[in-house]
Every structure is written in C-alpha cells, then in structure tokens.
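Remember, predicted model here, so these are calculated numbers, not experimental data. Per chain, numbering begins at 1; letters A, B, ... match sequence-line order.
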Number of protein chains: 4
Amino acid sequence: MGRKRAFTEDELLDTAESLIVQHGYSSFHLKLLASHLPGARSTIYQYYANKEEVAAAVMKRAMVRALVKAGSVDEKDPIKALQQLLRVYMEEADLHYFLGDARKVDVAQSKKAAQNVNEVLSMLKHLRGQLDRIFDAAQKQGTIRSDIPVFVLASLFFQLINTPNTLQLPPHEWADYLFALWYEGSGAH
Amino acid sequence: MGRKRAFTEDELLDTAESLIVQHGYSSFHLKLLASHLPGARSTIYQYYANKEEVAAAVMKRAMVRALVKAGSVDEKDPIKALQQLLRVYMEEADLHYFLGDARKVDVAQSKKAAQNVNEVLSMLKHLRGQLDRIFDAAQKQGTIRSDIPVFVLASLFFQLINTPNTLQLPPHEWADYLFALWYEGSGAH
Amino acid sequence: MGRKRAFTEDELLDTAESLIVQHGYSSFHLKLLASHLPGARSTIYQYYANKEEVAAAVMKRAMVRALVKAGSVDEKDPIKALQQLLRVYMEEADLHYFLGDARKVDVAQSKKAAQNVNEVLSMLKHLRGQLDRIFDAAQKQGTIRSDIPVFVLASLFFQLINTPNTLQLPPHEWADYLFALWYEGSGAH
Amino acid sequence: MGRKRAFTEDELLDTAESLIVQHGYSSFHLKLLASHLPGARSTIYQYYANKEEVAAAVMKRAMVRALVKAGSVDEKDPIKALQQLLRVYMEEADLHYFLGDARKVDVAQSKKAAQNVNEVLSMLKHLRGQLDRIFDAAQKQGTIRSDIPVFVLASLFFQLINTPNTLQLPPHEWADYLFALWYEGSGAH
DNA sequence: GATGAATGAGATTTCATTCAT
DNA sequence: AATGAATGAAATCTCATTCAT
C-alpha cells in the first residue's frame, strides 16, 4: 500500500495560493510552502518541476475558477450582469493579487510555467473583454452616465473588487453594498 | 571634510520609493536599489542596516508628506473636504502601495525599522481619524446617504485612492472624476 | 530514507569542540568547522542556524558529561572527594576553555543558543555548589587550613583545572601531582 | 592650531588592550575599537597601518611593562623573588590573554607587526628564563620540594596568575594569599 | 592631522534543486 | 511515492582599508 500520501495536489495549490496572497509572489518560497504542508519539501517536486510551475499553476487555477463563474453570467441586462460579475470577482478576490504578479514569474526556466502564464494572460484578456462588452452595452442602453469616460467608470468598478471587506460581511452582501454605491453614489439623493 | 557623497539620503529614498512602487515591497532588494544608484552596494549599509530600514524610512517619509498636506485641508464643509482630501491622496498615490506592506516589514531585525513602522501605523490611524470625523459631519449634515453603513462609504472612499490612473490623466482631473463618481454614482441620472 | 548523512551530529560537535579548544571561541567560524568536516558548509546549516548554536551545543554537551561524572563522586571524605573531582575535571579539561566563553556567546540571534547557554550556566552553578559543599565539610573537619578564606582556597582549586598539562602526562597522574601541590604546597617540608 | 587631537596613541592602546582582553584577539575589530574612542575610525590609520600593527603594539607595550617590573626583582632569595614576581604578574594580568594570541596575529601583512610580535615572543622567553633560573636556584637551595618535577611546580605557579580575583581584593593581598597557598598548601598543618 | 565617505573582498546565511535510500 | 539529506549559487551583510576634502 506504499507510503502515506503526504499531501494532494489540491492541498498544495490551496496552501501556495494563500501564501502568495499573504506574502506576495516574490516572497513566496518553496521552503515556506513546505513548512505549511504536512510532507517534506522535496515531495513538492513530485508534482511540479520548480517554483515557477507551482506559482503558475496556482494562478491558472484561480483564473479558471473565475472564468467559469463569469462565463455563466447572463449578459442580457448589462446592469444586472455587472452586479453579478462583482459578486463573482468578490468571491475570487485572490485573482487581483495575481494579476500584477503573473508577469513577474520567471518563465525562462520552464516551458510548462510559460505555457500556464500565457493561458492566464489570455484568460485575463477574455475577462476584460467581457467587461468591455457589458460596459458598451450599458452605455448604448443609456443606463450608465456618459459625461465621464467609460474607462474611468470601468477602473472604479474594477477597483471595487479590492475594497477590503474589513467588517467581514458575507461576500454577497458586501458586493451588493458596493454595487449600490458604485451605481447610485454615496451622496444623499 | 570627507569625500563627496555619492548620493544624498533623499536620492536614496527617492530611488527606493520608486522601486518599491514599481516592483512591490516583496521584490525590493538592496541589490536592486544599488543598481539604480551611483556607487557600490555596500555604501547603502553606511546609512541603513538592511532592506527593512530602507523600506520603513521610505514609508515614513511618504506618510509624513501626506499628513502635512492632509492637515491643511479645511474641514468646514465635509463634502468639499473629502474632495480636497482625495486630491491630496491622489498626489501621494505611492502611499497606497505602502499601507498594505507596512505590516509586512520584518521588524524583528532592526529597532530603527520597528520604530519607523510604528510611526507609520500611528500616522495612518491619524489619517483615518480625520476621515471618520469628516464622514460623521457629512452624515449629520445629511449630505451623504444614510441607508448604507458609514464604514462601507468610507471603505469605498479609501479604495478610490488606489484606483490606478491607467490613462495617466493629471492627478487633479483624475481625482475629480473619481470624486464625482463616488458622490453621484456611475448610473445615468 | 534519505541519503546517508555526511557526518553525524556527534562528529560535528566533536570537531567543533576540538576547534574551539584549539583556536578559542572567538576564532571559531563555521567556515573553519566545515573545512574539517566532510561535505559542504551549507550542510551545517541543516542542523544549526549559526556559529552560536554550534558553540552552545558543544558547551552544553561538555557540561553534561562533567556533571554526570561529578555527580558520581562520593562526598563522604571531603579531601578524597576533592581529589576525585580534580581527576574528573582534568578528564574534561575542555570545560575550562568554555567556562569563560559561555558568557561571550552572542545569544541575541538564536533562542536555541540562549537556552543552551542558560543551561550551561546553571549546570556550572550546580558544580560550584558541590565544590562549596565539600569545602565547607573539609573546613568543619579541620582538614584544610583556616587562616586563609575558603573562597581563596576554592578559587585556586578551581584554577588547577586550567593548568595546562604541557608535558602531556596521563590525566590521572597530572591531576594527582597538582592535587598534592594544592594540598601540601610547593615548599620543601 | 589645527584640528583638535582626536585621541592620543596611549588612549588608543589602552582602549585596544581592554577590548582584546574582553573579547579575545580574533574578535577584535577596528570598528569596535573606533566605537570606543572619541575620533573616527580612519584616524587610527594615522598611528598604525593596519589592525595587526595595533594588536602587536598592544602586546609589546604590555610585555615591556612586565619586563621592566620583573627586571627589578631581586633574585638573591629565590622564594622572595617568586613572591615578588607573582605580584608583578598579578598587576600585569592582561599579559596572559596575549601570550596565546601573539602567535595568532597575521604577520604576513606588515613588517612592523612581525617585528613587534617577534620582540614579544623573545621577551616572553626572557621572562620564562628568569623563572627557570629562580626555580633552579630554589631547588638547589632545597626550599622547594623535589619529589615532584620542577616543571609541574612551575606550571602551577604560572597558573596562579590567571586565578580570577573574584572578590576584588587588592592585587598585592591577593597575590600574597595565592603565594602562601602555593608554597604551603591548602591543607591544615 | 582628522575625518566622513566609498568600496571590495570575504564572511555568513538562505534556498531551490538534486540525490539516494 | 516519499523523504531526509546534501549542496552550490546567490543574497545579505561586515569590515579593513583607501580616498578626498
């Protein structure tokens, strides 16, 4: 029956993900990772050939999760779509920590890492495309203001995702508050 | 007396600040810093004992700058005060790269770093205090909406500062766009 | 499982001990240690975080050895006990190179080192306690002179242990010579 | 009237001597030395070309002091001479810290250091010669015991110098106690 | 003469990766 | 498959010494 399985690939990726989010990509070490896993450091190499591949796999996995969820959003009504998307992104908040770091991964060492990083970047483009599409639709429909450039509206929308949920409200509730503020403003009506 | 300095303390901190902003705190090394300064790497050690001390000094300096500017904001009219504060913060946008990282600085190695990080955190509290005061006043005045908890309004406001000015608009213009959105919302009226 | 160890922990400590004795604590480096062990310098860091931890471990081990032997000395007859103790200490002559240096170990870097140094110092107190007890008994018995304060007698006795056995006599013989001199004096009777 | 004199050569050597005694030769740094002197580190080079020369000068100075004092000891009565010598050595206790370290000085860098170290070693031989002479005389005179080899007697005598004066008695008093013990023994007569 | 500053060589330490059981 | 151990390359830091004001 062999040796006990030290940790599964998913445990590895979960742990790595939370470490990258906490410490940032460039402070992420396999030594650190191993110290948060049940098995030995060298066991990591059973799954991934090097540090970069681990990071790329983490990023890709998070991206895929977001893509799947975002893909199921109904784009008919742009405003409702944006609200739903905000919920999705809120649930996948880690994504934001990775966006900037994906380009930092030293891809020269490993084909597999390079491949994954590329997929991450193209999924990212895909998500941005969806957002652009919805914003365009909303503008045509006249449901978002037109006196301010769309990209400013979009930038702020994107920024919402990062807003730290300091009081630990349920993600949906938090997302809906922020959406209301984004759409209606903070001023008294 | 003594040789001419290869770089001033301010040049060092300017360079370090821009590197931390570009690469993030966790990718910031003294090797990197040295490569962007005239002179040898070991010269940095004449002034700072390690990366942590440099980073803490950079953060403190930025914080002091912001504190001074924020202190001169007239709080009479809360809404105008918020608009002015947003401009201030926008000019000191680097601040935001540091806020999250200040707690990541490994303070165990160096007393000087620990001291500076503490000052940074207490200045941060001071800024939050100002913000809370203004929000309270605005609420009493009835100029911000009351159907959503104040801390949500404040969180989003705080987040505005982070919104990357991707199109490199002049900071004031950018700040005023964001303020309008924050106050009036992105929806069409 | 795992590769065969390049050296055991005991080999490491033996080597370190002999180097500290030869060169003194302050000349002792991990580079030096590595050059007297098979394998790479970095291997030492698998077991000890720095020179201080190695030194503290060496000192503790020597102290424990001495404590065990000294504990088995029969204290009934104080003079015989002192003679036996001197033999013990002579066999564990390295101890003396450490006693003075234990306080020099820079304990700030490493908890493990601090812990071990503390244990060394408390074992040292224990040994002094035994010595004091025996000297008291001898004085009550009237077998040591009383015209000179006991602590002077004890200090000199303690110093005997340090007396370098320059001619490399067998430790027992050397110990007995010194004991005779300590007890009877160097003068002609 | 020029710049204020930062420190005199004697202040430099005094400070260096106490540091070498405290920390041992191999932990002795010019950085450390400078931090215990009023002036700048580079000023040390006005007096000595390098670290080794400083150390050698410290050792030589201490040796000369001892030699002068020991030279004025009247050797007529060997026993009295030994008692006087013990006082001298007690006053110059630092000597012992240097004896072992003199050979550690890296003499390859500096002729002056090499020269000084050689003088130190030859003065040391001179002192040993005096001691041997006195012991021989005492033995011929029959005032020291002959059942134990002279070198054992001498070793113990030499060791007396190191005996830590824990209770901080005046050096003379301490020396005389130890001499009495060395000569008459610790046993009750 | 005194010194503040610069600097390279070397010491120390960390970590990704490989190896052998 | 899992892992304890080894290791070299690189990062970090210290210090003796030189330089220029």
Nucleotide nearest [X] when distance is taken to its side chain, options [options]:
| X | options | value |
| --- | --- | --- |
| Y47(C) | dA2(E), dT14(E), dA6(F) | dA6(F) |
| S42(B) | dC19(E), dT7(E), dT3(F) | dT7(E) |
| R41(A) | dA16(E), dG4(E), dT12(E) | dA16(E) |
| Y45(A) | dT7(F), dT17(E), dC19(E) | dT17(E) |
| A6(D) | dT3(E), dA16(F), dA16(E) | dT3(E) |
| R5(B) | dG4(E), dA6(E), dT17(E) | dA6(E) |
| T43(B) | dA6(E), dT13(E), dA16(E) | dA6(E) |

Interatomic distance, [X] [atom1] vs [N] [atom2] [rounded to whole Å]:
| X | N | atom1 | atom2 | result |
| --- | --- | --- | --- | --- |
| R3(C) | dA20(E) | CZ | P | 6 Å |
| Q46(B) | dA16(F) | CD | P | 13 Å |
| D106(D) | dA11(E) | CG | P | 12 Å |
| L32(B) | dA11(F) | CG | P | 11 Å |
| E52(B) | dA11(F) | CD | P | 16 Å |
| I44(B) | dA6(E) | CD1 | P | 11 Å |
| Q109(B) | dT13(E) | CD | P | 12 Å |
| L30(C) | dG10(E) | CG | C1' | 15 Å |

Side chain to side chain contact (heavy atoms under 4.5 Å, CB included), paired with M59(A), selected from L124(A), V105(A), L95(A), L121(A)
V105(A)
Consider side chain to side chain contact (heavy atoms under 4.5 Å, CB included). Of M63(D), K104(D), E17(D), which one does F98(D) pass it with?
E17(D)
Searching all strands shown, indicate the nucleotide that pairs with [N] (Watson-Crick or G-U wobble; both distances under 3.5 Å).
| N | result |
| --- | --- |
| dA1(F) | none |
| dA6(F) | dT17(E) |
| dT14(F) | dA9(E) |

When E53(C), Q115(C), E52(C) are each screened for side chain to side chain donor-acceptor pair (under 3.5 Å) with S110(C), the one that passes is E53(C)
Any non-hydrogen side-chain atom of R103(D) less than 4.5 Å from a side-chain atom of V117(D)?
no
I'd like to check R61(B) versus D10(B) (side-chain heavy atoms, cut-off strictly below 4.5 Å). Are they in contact?
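Counting from C-beta outward, R61(B) and D10(B) do come under 4.5 Å.
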Looking across every strand, which nucleic acid part, if any, lies under 4.0 Å from Y48(C) by heavy atom: base, sugar-phosphate, or nothing?
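Y48(C): no heavy atom of the nucleic acid under 4.0 Å.
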Which atom of A16(A) lies closest to which atom of V58(A), heavy atoms considered
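Closest approach of A16(A) to V58(A), heavy atoms only: CB-CG2, 3.6 Å.
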Assign each of F28(B) and K4(C) the nucleotide of DNA chain F bearing its closest heavy atom; nearer the 5' end lies the nucleotide of K4(C)
Comparing K51(A) with G2(B), nearest DNA chain E nucleotide closer to 5' gives the residue G2(B)
Counting just side-chain N and O atoms, does H29(B) come under 4.0 Å of either OP1 or OP2 of dA11(F)?
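Checking dA11(F) against H29(B), no side-chain N or O comes under 4.0 Å of OP1 or OP2.
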